[in-house]
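A, B, ... follow the sequence lines: proteins, then strands. Residue 1 opens every chain. Bear in mind that the values here come from a model prediction, so they are computed numbers and not experimental data. Computed from heavy atoms alone, side chains included, the values below leave out hydrogens, waters and symmetry copies.
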Number of protein chains: 2
Amino acid sequence: MSARVTVLLVDDHAVVREGYRRLLEVSGGITVVGEACSAAEAYQMFCILTPDVAVMDISLPGVSGIEALRRILTHQPKARVLMFSMYEDAIFVRRALDAGAAGYLTKAAAPRVMVEAVATVASGRRFLSPDVAQALALRPVGAERATPDVLSAREFEVLKLLAEGCSVNQIAQQLGVNPKTVSNHQSSIRQKLGAETATQLLRAALRLGLIPPL
Amino acid sequence: MSARVTVLLVDDHAVVREGYRRLLEVSGGITVVGEACSAAEAYQMFCILTPDVAVMDISLPGVSGIEALRRILTHQPKARVLMFSMYEDAIFVRRALDAGAAGYLTKAAAPRVMVEAVATVASGRRFLSPDVAQALALRPVGAERATPDVLSAREFEVLKLLAEGCSVNQIAQQLGVNPKTVSNHQSSIRQKLGAETATQLLRAALRLGLIPPL
DNA sequence: ATGTGCCTGGGAATTCTTCCCGATACACGT
DNA sequence: ACGTGTATCGGGAAGAATTCCCAGGCACAT
């Protein structure tokens, strides 16, 4: 085999990161060289450490893992990022892959699969955990865009933050755009989802799994 | 120190369980003697293995971790169960403790805190992770009614309708008052609950049980 | 009687939303 | 290379909602 694989772990829960670190490191060929707990930190650390693979939780507070993935790929086009999530819905998988993820793994997968996934991604190939592959196979192309996919990536992002309780101004600051833009996004989101009130917007976000159930 | 501590891990994600297992076992004094991925399995395995401590994720598919906790305690009143969750809201903590949990730990806690928590719970004491303790301390006793009581009856009613997705105008019509009045009520509700955004208002209503969970 | 708190709304200032518009950028098929 | 489509970003203006301050009517307790 080749040299050891270096990994950057991105998850907002410290205990979870530590668990993954140990899980990966006992495998023998993997070294976790860094950890990050947010999208911003993930981007910075990736640029500094240039790990072979980033293992990133898809649901981070504020800016999502997918957005973090995009930012990394913008500046490091050759980055190998393995997305990791509790969601196995085809919609999430597709968004992750569309955004350029090198692999997608669910937390329901067997532990050794995670090691295998990192190794596969590090070697330049793509990796999908079996359950995910099945979910995708069952809905070939565009099947899942019955309702949810009418939202664009940015709209997704804005909806997530709105559902988390952020104000338009906070979102604008976090995404680095004009509040007016966020407001305009919100309008189109509401129209696309048919959400007149904030409640309906939140329900939609819950349906899409953008935020954990309350 | 005393003998090794035996632990039953309960979480619906295999990878997560494996991570925790490694995290706990390298500490030296802890042995994970079993794993379960559902409430039913947790109960069965607890009865068979009689571990010193069960570490249980609060959010399990189907029957929740708290319900699993209750079932275990019904038949094994001396069971020591450490609840483990990504939520640090006081309401979750209180429910867990009311149900008889020996401790509550958030996933945001530092990794070694988990080891400490297991050891503390095994020794017969209770354990709360620092962030959780703080959340509870801020709302001492009967905390869950500290907030709602400041709302007047009318405000309560308006909040309920708002949370159900009604517009201000609809509410005004339903209550037979001027929309302006409803709007004014809403303002004071927001102020009293500290809700900046519509979403936060909704979450408050959920916390107060004004509407069924989404 | 008097104070207190709630429900009710008006008025004015402010902020947000909506709808329409154009600019830029990027991907895609021809 | 070129047009086409789409996403993102924002400006402008009209309209709607929110906030803050205020005040009358009412119930209720001291």
Side-chain angles (χ1 to χ4, degrees), chain A residues 39 63-64 66-75 77 91 94-101 141-142 145 148-163 165-202 204-205, chain B residues 147-202 204-205:
Chain A
V63 180
S64 80
I66 290 191
E67 185 58 25
L69 165 62
R70 284 208 190 83
R71 294 189 190 175
I72 289 177
L73 285 177
T74 302
H75 297 92
I91 176 69
R94 185 159 298 286
R95 282 191 178 277
L97 295 181
D98 284 352
V141 187
R145 41 187 72 204
D149 217 9
V150 297
L151 289 188
S152 72
R154 199 53 152 178
E155 288 164 347
F156 235 74
E157 205 67 32
V158 170
L159 174 57
K160 174 177 187 294
L161 291 166
L162 281 172
C166 295
S167 71
V168 169
N169 284 313
Q170 288 174 329
I171 295 173
Q173 194 175 353
Q174 203 161 109
L175 298 182
V177 299
N178 192 295
K180 189 61 203 298
T181 301
V182 177
S183 186
N184 280 335
H185 280 315
Q186 187 191 183
S187 285
S188 47
I189 292 170
R190 295 178 98 113
Q191 193 175 2
K192 286 180 177 178
L193 296 181
E196 300 274 327
T197 71
T199 299
Q200 293 167 357
L201 211 55
L202 185 58
Chain B
T147 319
D149 276 353
V150 299
L151 289 187
S152 71
R154 199 55 151 177
E155 289 164 346
F156 230 76
E157 201 167 359
V158 169
L159 174 57
K160 180 175 187 298
L161 291 168
L162 280 172
E164 283 174 356
C166 297
S167 70
V168 168
N169 284 314
Q170 287 175 327
I171 295 173
Q173 194 176 351
Q174 199 164 328
L175 297 181
V177 299
N178 193 298
K180 190 59 201 298
T181 301
V182 177
S183 185
N184 280 335
H185 281 315
Q186 188 191 182
S187 284
S188 47
I189 293 170
R190 292 174 100 114
Q191 194 174 1
K192 286 180 178 178
L193 296 182
E196 300 275 325
T197 70
T199 298
Q200 291 172 4
L201 206 58
L202 199 46

Where the side chain of A:Val168 is defined as all heavy atoms beyond and including C-beta, which of C:dG9, C:dT17, D:dT18 is the nearest nucleotide?
-> C:dT17
Side-chain N,O (A:Ser183) to OP1/OP2 (C:dT17) below 4.0 Å = yes
For the pair made of CG in B:Asn178 and C1' in D:dA23, what is the distance, rounded to whole Å?
-> 15 Å
Phosphate OP1/OP2 of C:dC7: any B:Thr181 side-chain N/O under 4.0 Å = no
Could you go step by step and tell me if A:Arg154 and A:Glu157 meet the salt bridge (Lys or Arg N to Asp or Glu O under 4.0 Å) rule?
-> CA-CA 5 Å; A:Arg154 199 53 152 178; A:Glu157 205 67 32; 6.0 Å; no
Please give, in whole Å, the distance from C:dG5 C1' to B:Glu155 CD?
-> 11 Å
When you measure from the side chain of A:Gln200 to the backbone N and O of A:Glu196, does any donor-acceptor pair fall under 3.5 Å?
-> yes
In whole angstrom, give the distance that lies between atom CG of A:Leu151 and atom C1' of D:dT6.
-> 15 Å
Rounded to the Å, how far apart are B:Gln191 CD and C:dC6 P?
-> 13 Å
Return the 5'-most residue of the pair B:Arg154, A:Asn169 with respect to DNA chain C, ranking by each residue's nearest nucleotide.
-> B:Arg154
Hey, is the side chain of A:Ser152 poking within less than 4.0 Å of OP1 or OP2 on D:dT8, counting only N and O atoms?
-> yes
Just checking B:His185: base, sugar-phosphate only, or nothing, at a heavy-atom cut-off of under 4.0 Å?
-> base
Go through B:Leu201 and B:Gln186 one step at a time and tell me if the side-chain contact (heavy atoms from CB on, under 4.5 Å) criterion holds.
-> CA-CA 10 Å; B:Leu201 206 58; B:Gln186 188 191 182; 4.2 Å; yes
Closest of C:dT8, D:dC20, D:dC9 to the B:Val177 side chain is C:dT8
Nucleotide D:dC20, atom P - distance to CD1 of B:Ile189 in whole Å = 14 Å
Closest to the B:Gln186 side chain, choosing from D:dT8, D:dT18, C:dT8 | D:dT18
Nearest listed nucleotide, side chain of A:Lys180, among C:dC7, C:dG9, C:dT18 = C:dT18
Separation of C:dC7 atom P from B:Ile171 atom CD1, nearest Å, is 14 Å
Can you measure from CG (B:Leu159) to CD1 (B:Ile189) and round to the nearest 0.5 angstrom?
-> 5.0 Å
Checking A:Thr199 side chain against B:Leu202 main chain: does a donor-acceptor pair fall under 3.5 Å?
-> no
Polar side-chain contact B:Asn184-D:dC20 base: donor and acceptor under 3.5 Å = yes
Measure the distance from NZ on B:Lys192 to P on D:dT19 and round it to the nearest whole Å.
-> 14 Å
C:dC7 C1' sits how many Å from B:Leu159 CG, rounded?
-> 17 Å
